[in-house]
Novice: 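Sharing a structure, written as C-alpha cells. Questions coming.
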Protein chains: 2
Amino acid sequence: MSDVVDAIIGQWTKERPDVVEDLWPVELFARIQRLARVIDKSAKAAAAAHGVEHGEFDVLTTLQRSGPPYALTAGAFLKASMVTSGAITNRIDRMEAKGLVERVREGDDRRTVRIRLTEHGHEVTRAAFADHLANYAQLLADVDRDLVEKTAEGLRQVLETLGDTPVK
Amino acid sequence: MSDVVDAIIGQWTKERPDVVEDLWPVELFARIQRLARVIDKSAKAAAAAHGVEHGEFDVLTTLQRSGPPYALTAGAFLKASMVTSGAITNRIDRMEAKGLVERVREGDDRRTVRIRLTEHGHEVTRAAFADHLANYAQLLADVDRDLVEKTAEGLRQVLETLGDTPVK
DNA sequence: CTTGATAATCTCAACGTTGAGATAAAAGCA
DNA sequence: TGCTTTTATCTCAACGTTGAGATTATCAAG
C-alpha cells in the first residue's frame, strides 16, 4: 500500500535524485501536514454545527478544561493557542457578541482582562465538545487502536525534543 | 517527561472525568495539529526568505517534481493542494506577476489552463527547496532517526485508512 | 445541429489571521 | 516623586483563503 506522500517522494526521487538523501524528514512532516488538514476540516464542520468558529471552539474548550472559575486572561490564550494577539482580541469580540464569554476587569492589575465563560457558553461548549469527540472517534473508527497509541507516543517524543513543553 | 497534550488531557481528566474514555483520539490528533503549526511557521519563514508565500512554494515544488515539461493544469493543483479553486487562481495570479510561472492555453481543450514553470521559477524553486530541506533537517536534528521513521510509518497507515490515497 | 448537462477556470465579497504599532497600566530605579 | 522599561491588551490595514456563483468550453443525446 502507499499513500500520497509515497507518491510525492517517488516523484522527487525521479526528478531530483540529488536530494534523495535529504528527503527523510518529508516522510514525517508531509504526513503531519496532510493529516492536520483533514482533521482541521472535520473539526471545523463539527464546531460550525454549533455556531462557533474553529478558533472560538478552541477558546471555549480552553476555558472549560481550566476549571472553576472558568476565566483566563487574554495573555493565557496567547500562550496556549499559537496565534497572535490580534486574533485573540477578535475572537473574544465575536464570542462576547454571541454571549459565549464576557470580559471582566477586576483584580489588582487593571491591564489584564479576564475572559469568563457565561452560562450559555458552558452549554454550547458541552454540546460542541461532545460532537467534537464523537467526530474524532469516527475519523479513527477503522484505525487500529494500538497503532494510534504508538504513533501518538512517537509524536509526543518529537514534540518534546522540539521543545514544545507546557507552561513555560 | 510530558508535553503540552499531556497537560491538556490532564486538565480534562480533572474537569470532565465523564469524557476520559473518549479522549484517546486527542492523544494523536492534538499532537498532529500542534506539530503542524510548528512546521508551518518554520516552512513559511524558509519560503519567505526567497520571496514566496507558503502556498506559492507548494505550487513551485509540485511543478518541479512533476518533471518535464514542468506544466500542470489548474485542476491538477486543486486535487494536489487541498485548497479551494479561488486560492489556486490567486496564487497563479501572484506567481505570474512575479515571473515564476506562466499561463499557457494550448491543446485541444480550451477550458484548461496549463501552468508552466519559467526559467526564473526553476531557479527560485531549486534554491528555496534546498533551504526548505535544510530547515526540515534542522528541526529534526535532535530527534532519533529511527523514531522519525517509525512514527512516519504509523502516520502513513492512518492516512491510508482515512482514505487519503494518491491520484484518484 | 440543437439542447441540456458536465467540466474547467475565474470572480468577488466575506471572513479570520497577521503583525506592526498604539494605548495604558505596572514595575524598576534613582 | 519622576523617569524609563516592561507588560497586557487593543487597533487596523494588508493578506490569503473560502465558497458560492458566473463564465466559457466540451460532451452526450436526440
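Labels below follow one simple rule: chain letters A, B, ... track the order of the sequence lines, proteins then strands, and each chain is numbered from 1.
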Novice: Any side-chain N or O of B:Arg110 below 4.0 angstrom from OP1/OP2 of D:dT26?
Specialist: yes
Novice: Output the single nucleotide from C:dG16, D:dG19, D:dA8 whose closest atom is nearest the side chain of A:Arg111.
Specialist: D:dA8
Novice: Please report the distance, rounded to the nearest Å, between CZ in B:Phe77 and C1' in D:dT17.
Specialist: 17 Å
Novice: Is there side-chain contact between A:Leu139 and B:Phe29, with heavy atoms separated by less than 4.5 Å?
Specialist: yes
Novice: Of the listed nucleotides (C:dA26, C:dT18, C:dT11), which one gets closest to any side-chain atom of B:Thr89?
Specialist: C:dT11
Novice: Provide, to the nearest angstrom, the distance between the CD atom belonging to B:Glu53 and the P atom belonging to C:dT18.
Specialist: 13 Å
Novice: Picking from C:dA25, D:dT9, D:dA20, which would you name as closest to the side chain of A:Asp109?
Specialist: C:dA25
Novice: Quickly work out the A:Lys44 NZ to D:dG19 C1' distance and round it to whole Å.
Specialist: 10 Å
Novice: Pick the closest DNA chain D nucleotide for A:Thr112 and for B:Gly86 by heavy atoms, then say which residue is nearer the 5' end.
Specialist: A:Thr112
Novice: Provide, to the nearest angstrom, the distance between the CD1 atom belonging to A:Ile88 and the P atom belonging to D:dT9.
Specialist: 10 Å
Novice: Testing the 3.5 Å rule here: is there a donor-acceptor pair between the side chains of A:Gln64 and B:Arg16?
Specialist: yes
Novice: What is the nucleic acid contact for A:Gly75, judged by heavy atoms within less than 4.0 Å: base, sugar-phosphate only, or nothing?
Specialist: sugar-phosphate
Novice: Spell out, as yes or no, whether a donor-acceptor pair under 3.5 Å connects the side chain of A:Glu160 to the backbone of B:Ser2.
Specialist: yes
Novice: Applying side chain to side chain donor-acceptor pair (under 3.5 Å), which residue pairs with at least one partner in residues 36-45 of chain A are found, sequence neighbours left out?
Specialist: A:Asp40-B:Gln33, A:Ser42-A:Asn135
Novice: side-chain contact (heavy atoms from CB on, under 4.5 Å), that's the test. Do B:Trp24 and A:Glu149 meet it? Break it down for me.
Specialist: CA-CA 8 Å; B:Trp24 59 274; A:Glu149 278 176 29; 5.9 Å; no
Novice: In whole angstrom, what separates B:Lys41's NZ from C:dT17's C1'?
Specialist: 11 Å
Novice: Are any of the side-chain nitrogens in A:Arg116 or A:Glu102 under 4.0 Å away from the carboxylate oxygens of its partner?
Specialist: yes
Novice: Which is more 5' along DNA chain C, the nucleotide nearest A:Ser85 or the one nearest A:Gly55? Just name the residue.
Specialist: A:Gly55
Novice: For A:Leu78 and D:dT7, give me the distance from atom CG to atom P, rounded to whole Å.
Specialist: 14 Å
Novice: Would you call the rings of B:His132 and B:Phe57 parallel, tilted or perpendicular if under 30° counts as parallel and over 60° as perpendicular?
Specialist: tilted
Novice: Of the candidate nucleotides C:dT11, D:dT17, D:dT24, which contains the atom at the shortest distance from the side chain of B:Ala87?
Specialist: D:dT17
Novice: Separation of A:Phe57 atom CZ from C:dG16 atom P, in whole Å?
Specialist: 17 Å
Novice: Just to be sure I understand the geometry, which residues of residues 90-105 of chain B put a non-hydrogen atom under 4.0 Å away from DNA chain D?
Specialist: B:Asn90, B:Arg91, B:Arg94
Novice: Measure the distance from CG on A:Asp108 to P on C:dA25 and round it to the nearest whole Å.
Specialist: 15 Å
